[in-house]
Protein chains: 2
Amino acid sequence: MEQEVIPAPAAAQKGRPREFCVDKALAEALHVFWSKGYDGASMTDLTEAMGITKPSLYAAFGNKEALFHKALDLYEQEKLEYTRAALEQPTARGVAEYYLRGGVDVHAAEGEPHGCMGLISSLACSPEAESIRADVIRRRASSQHALVERFERARAEGDIPAHIDPEGLTSLLYAILQGITVQADAGASREELERLVDTSLALWPSA
Amino acid sequence: MEQEVIPAPAAAQKGRPREFCVDKALAEALHVFWSKGYDGASMTDLTEAMGITKPSLYAAFGNKEALFHKALDLYEQEKLEYTRAALEQPTARGVAEYYLRGGVDVHAAEGEPHGCMGLISSLACSPEAESIRADVIRRRASSQHALVERFERARAEGDIPAHIDPEGLTSLLYAILQGITVQADAGASREELERLVDTSLALWPSA
DNA sequence: CCTGTTCCATAACGGTCGGTATATAATATG
DNA sequence: CATATTATATACCGACCGTTATGGAACAGG
């Protein structure tokens, strides 16, 4: 039996080519979800921002929920990069400062929605958006876990005092970060947030 | 001209008496708004929990928005009493501890919704709920202002170090509190939140 | 050209939203 | 009893929700 030839690998598009860029449309969808939250973003909001019709959206992304998960992937990848870079800072204080200043940069940036997309979409959500909420909480727990390990290492290295609980310190750092995004969403100025960060670092435990 | 007699002062009810207790109905409405947020609470959710019909609700409370403002009044009065009591603590550390432990008590209480009603209702809201959001932000700013003054007094009294900015410290304490309510909403246990508070207090500046 | 396939545009689906018109029931007053 | 007033119950309003059926347009391969 003869082996079939491998079909065109790059783009064996058989039918009518789509008239929009999937990546650009997803970036627009991200912007809408970030501004309005999952429930607050209507399909009309999304299609108008993405410049496509509803059938095109459903064909390309599945449905609203699948679109959100993809947008959240993009958000984590592009906007939350600082949370991974922070872990590589040499000292625990450096980690905290990277986290907090990175959080202010991302969640109070000019020309972008203020606040945290995940928090906005998960704090209050309709029953049918429960999977959205669960996804956000799961991702947050994963990220938080990495920070706990980083602070445990810091304590072992004598980088933070022995009487400080790494899990408590992690919860605290996340709480401050969440507060920053909440206050950014409420319209706090960059100066206010930077003073918040400065004060946080002034209280940070010295080894 | 003769003076008219004063009408029955207690309850000069002329028509059919209402069959429900306004205060109890409002308390049920508060519970629904606290659980689901302003946008997430539908009129059906509200009327079912309150045990009344929609026309009764509109006759007694105006509309959904007016009902929310009244529920928020009740919430502040009954649940946020700790924020006022905190200010009367003798030391800045006492104020902070009262704030944080009070926040955990209220926002992670058994048998009540977890999280902060104001935050849940204001973080992401539809365009027509913008007045809700503005109300929450205004009340928060007012409460925050009182805390700034308390910490300014504390610094003047040498209760907190001179190099600590009272406004920054206030923003920080609020951020931690907001983070507590966010994590409570996400399902954090009381033990986790208490460790967060313990760690916060461990870092609190000593005079 | 013809067929198959994929995409786009329009319009519509059932369902829910906040809010209300209508009619009836229950009280006070005369 | 008659009337005025207020509350209740039912049913409905237009608008919007997420989703999809339908029909035509744009491409590839034969």
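Because only heavy atoms are used, hydrogens play no part in the values below, and waters and symmetry mates are left out as well, while side chains stay in.
- B/A92 and B/R150 make their closest contact through N-NH2, 4.4 Å (heavy atoms, listed as atom of the first residue, atom of the second, distance).
- Put simply, the side chain of B/D159 does not reach to within 4.5 Å of the side chain of B/R155, judged on heavy atoms.
- Residues A/R190 and A/D105 are paired through a salt bridge, judged by an N-O separation under 4.0 Å between the basic side chain and the carboxylate.
- Applying a 4.0 Å cut-off to non-hydrogen atoms, the residues of residues 36-75 of chain A that approach DNA chain C are A/T53, A/P55, A/S56, listed by residue number.
- Of all the heavy atoms in B/G115 and B/A184, the pair that sits closest is N-CB, 4.1 Å.
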Task: Under 4.0 Å protein heavy-atom contact, by nucleotide of nucleotides 23-30 of chain D - B base, S sugar-phosphate only - done: -BBBBS--
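- Salt-bridge check for A/R93 with A/E97: failed, with every basic side-chain N at 4.0 Å or more from each acidic carboxylate O.
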Expected list for residues 49-56 of chain A: side-chain donor-acceptor pairs under 3.5 angstrom, two or more places apart:
from	atom 1	to	atom 2	distance (Å)
A/T53	OG1	A/S56	OG	3.2

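- Applying the side chain to side chain donor-acceptor pair (under 3.5 Å) criterion to A/R18, with sequence neighbours excluded, gives no partner residue.
- Each of B/R84, B/K70, B/R139 was scored for a salt bridge (Lys or Arg N to Asp or Glu O under 4.0 Å) with B/E76, with one residue passing: B/R139.
- Within residues 118-129 of chain B, no residue has a heavy atom under 4.0 Å from DNA chain C.
- The two residues A/D39 and A/C125 come nearest to each other via the heavy atoms OD2-CA, 3.1 Å.
- With a cutoff of under 4.0 Å to any heavy atom of chain B, the contacted region of DNA chain C is bounded 5' to 3' by C/dC17 to C/dA28.
- With A/S122 as the partner, the side-chain contact (heavy atoms from CB on, under 4.5 Å) test is satisfied by one option alone out of A/V136, A/I132, A/D135: A/V136.
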- [ ] Could you check B/E65 against B/H69 for side-chain contact (heavy atoms from CB on, under 4.5 Å), going step by step and ending with a plain yes or no?
- [x] CA-CA 6 Å; B/E65 180 179 339; B/H69 288 298; 3.7 Å; yes
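- Not a single donor-acceptor pair under 3.5 Å links the side chain of A/R195 to the backbone N or O of B/G168.
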